[in-house]
Amino acid sequence: MTSSTPSASPVKLLPYGVIVAIFLVIEITGVFEQTMMYVAVPTLMGAFGIDAAAVSWTITVFLLVGAGTAAIAGRLGDLYGRKKVLVVLMIISAIGSFISVIAGNFEGILIGRALQGASTALFPLLVGIAREVVPAPRVPVLIALTTGSALIGGSIAALTAGILLDTAGWHSIFVASGILSVVALLCSLALPRSVVAPGRKPRLDILGGILLAPAVAAILFGVNSSRSQGASPLVIALILGGVAIFIGWLVLELRIKNPMFNLRLFKQRSLTLALIATALVGLGIFAAAGLMNAILFQSPTELPIGLGLTPTQAGLYGLISGAMGFALSPVGGKVAAKFGAKVTLGAGIAIAIIGYLGFGISVHNLPLAIIATIVTGLGTALILVGVPNLIVEVVPPQSTGEAVGMIYSVGRTLFAAVGTAVVGILLASDVVPETTAPTLTAWWSTIAFVVITGILALVATLLVKTGIPMAERGSVVEAVAEVQAEEVADAAEAAEVKVIR
């Protein structure tokens, strides 16, 4: 069977700077769409006369759709061309923005946000495209710049959304996200057409694709609901139901000949360890950041933990941390290219652990808190660079999208959601009487949880078998070389059959 995509042999590459610019525009668009709603919660509460719990659905539905579709989009991109799937997702995202504006009511916003959630699935496709459009030694830095843009992009997006809400109302943020989506769509159209190896279009496993999304969504929704409802029958039913569907999905994918997701990839020890490290980092380092930073910087100084800053002041320090993380990201990419992503990921985890320990001694010391925040941000930046690059080192180009989607997108999101619930429980385990503020005991218990999960993640990372660093793979575009090799093999096989006949 041949692919509908033409042969990959003569591929004209765009200038590296143009590729970087396109990737940054696409990634920042997704970051803006996710971040803007956190800022808009109070505005939407006032505009529609609803409470925070109802408004939070605009965030929840976005994350549920994104987590459920990331791996599927990555796999479809591997099979049928990543650029095609990328363009489709950008169109869906843009439609979501404009529906939110046109509908003018909260129900319309929810529908629009569900469609916007498709932008969460862009990153696995971008990682796969990176192996199609730049030589192997440049892939790690391109991925690093893309992940780094999410750090500073989130801070800038929050500031921009705040200005728009204050000056032009809630409609304006959806107009802005719609315009961004259209710009990103036009940029994605400028990318070279994706290469797909001959014979890589098996019969589509529709059931396998359908089952994953509700399994992930049920687990995430159950975990998120547990924050307000505790271990209610609904929460337990959602989590157990999601786990049951997920187990059924695993059995199905391992039994059929052409599954939607090639779970047999995880027979590779290094890929399994990458998944374990990502899960542990999601449970602790990623999950605790938002809650602990907000409590540390914005709680009153009279409490055991608190620096008494305004949200604007706290946001400024967050912007500084994000900017430094973005600046460090290319360094992490170069280290990954030369020495292997294992080094970048391990260094990031170790630095983040040090940063969290700094939170323990800076509860009333602003300079130390700023240093701890910056150190944690730098560690997080290196982790975000290390994980996808480690996956790229381990899997062949044809499996990049599904592997990154499963581990980096779905795995990180799922375990970060669980970790957020755990962190919330730990912080609430011991509070100041007549308040909801954590005591030092609860604060240090949370730090201990983050440190322990971080150390375990570091151990898993160190156990990864070092592969060939990207800088040592030659100046070849890997996906193109893979297709060309398969074309030669297919031609040789066909010639052999002809001779036998």
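Residue numbers start at 1 and run along the sequence shown.
At least one donor-acceptor pair under 3.5 Å links the side chain of Ser188 to the backbone N or O of Leu185. Not one N or O on the side chain of His364 forms a donor-acceptor pair closer than 3.5 Å with the backbone of Leu307. Side chain of Ser429 to main chain of Leu426: a donor-acceptor pair is present (N/O by atom type, distance under 3.5 Å, no hydrogens or angles). Proximity of a side-chain donor or acceptor of Thr439 to a complementary backbone N or O of Asp430 within less than 3.5 Å is detected. The closest donor-acceptor contact from the side chain of Arg264 to the backbone of Leu254 lies under 3.5 Å. Side-chain N or O atoms of Lys342 include one that pairs as donor or acceptor with a backbone N or O of Leu462 at under 3.5 Å. The main-chain N or O of Gly332 is found under 3.5 Å from a side-chain atom of Thr344 such that the two form a donor-acceptor pair. Formation of a donor-acceptor pair under 3.5 Å by the Thr453 side chain with backbone atoms of Phe449 is found in this model. With Asn389 contributing its side chain and Ala341 its backbone, the two residues share no donor-acceptor pair below 3.5 Å. Side chain of Tyr356 to main chain of Ala289: a donor-acceptor pair is present (N/O by atom type, distance under 3.5 Å, no hydrogens or angles).
Between Trp443 and Met292, the shortest heavy-atom contact is CH2-O, 3.4 Å. Closest non-hydrogen pair, Leu296 versus Ala369, comes out as CD2-CB, 4.0 Å. Contact record, Val139 with Ala130: CG2-O, 3.6 Å, taken as the closest heavy-atom pair. The two atoms that bring Ala184 and Thr29 nearest to each other are CB-OG1, 3.6 Å, heavy atoms only. Nearest approach of Gly401 to Pro124, heavy atoms of both residues: O-CB, 3.6 Å. Scanning both residues, Ala372 and Gly358, for their nearest heavy atoms gives CB-C, 3.8 Å.
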Self-check item: Evaluation steps, side chain to side chain contact (heavy atoms under 4.5 Å, CB included), between Trp444 and Val363
Solution: CA-CA 11 Å; Trp444 271 104; Val363 292; over 6 Å; no

Exercise. Just do the side chain to side chain contact (heavy atoms under 4.5 Å, CB included) check on Leu366 and Leu309 with the steps written out, would you?
Key: CA-CA 10 Å; Leu366 181 58; Leu309 301 184; 4.0 Å; yes

Practice problem: Starting from the C-alpha separation in whole Å, work towards a yes-or-no answer on side chain to side chain contact (heavy atoms under 4.5 Å, CB included) for Val134 and Phe23. | Solution: CA-CA 12 Å; Val134 297; Phe23 272 51; over 6 Å; no

Exercise. Decide yes or no on side chain to side chain contact (heavy atoms under 4.5 Å, CB included) for Thr376 and Phe359, but give the supporting numbers first.
Key: CA-CA 9 Å; Thr376 304; Phe359 285 155; 3.9 Å; yes

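One finds the CD atom of Glu27 at 11.5 Å from the CD1 atom of Ile143 (value rounded to the nearest 0.5 Å). Summarising the geometry, atom OG1 belonging to Thr120 is positioned 3.5 Å from atom CZ belonging to Phe62; distances are rounded to the nearest 0.5 Å. Rounding to the nearest 0.5 Å places OG1 of Thr461 at 10.5 Å from CG of Leu456. Here the OG-CG distance, from Ser119 to Leu86, works out to 11.0 Å after rounding to the nearest 0.5 Å. Met324 CE to Ile374 CD1: the interatomic distance, rounded to the nearest 0.5 Å, is 5.0 Å. Here the straight-line distance linking atom CG of Leu24 with atom CD1 of Ile19 works out to 11.0 Å at 0.5 Å rounding.
Taking the side chain as every heavy atom from C-beta outward, Pro469 and Lys338 never approach each other to under 4.5 Å. Side-chain contact check for Asp78 versus Gln398: every heavy-atom pair is 4.5 Å or farther apart. Using a 4.5 Å heavy-atom threshold, the side chains of Leu328 and Leu382 count as touching. Residues Ile129 and Glu132 meet the side-chain proximity criterion, which asks for heavy atoms closer than 4.5 Å. Between Gln116 and Met37 there is no side-chain heavy-atom pair separated by less than 4.5 Å. Residues Leu463 and Arg269 have side chains in contact (heavy-atom distance under 4.5 Å, counting atoms from C-beta outward). Residues Ile305 and Ser299 form no side-chain contact, since every pair of their non-hydrogen atoms from C-beta on lies 4.5 Å or further apart. You'll find the side chain of Phe286 stays beyond 4.5 Å of the side chain of Thr278, heavy atoms only.
No hydrogens or angles considered: a donor-acceptor pair under 3.5 Å links the side chains of Ser181 and Glu33.
Atom CZ of Phe415 has 12 or fewer heavy atoms from other residues, nucleotides or ligands within 6.0 Å.
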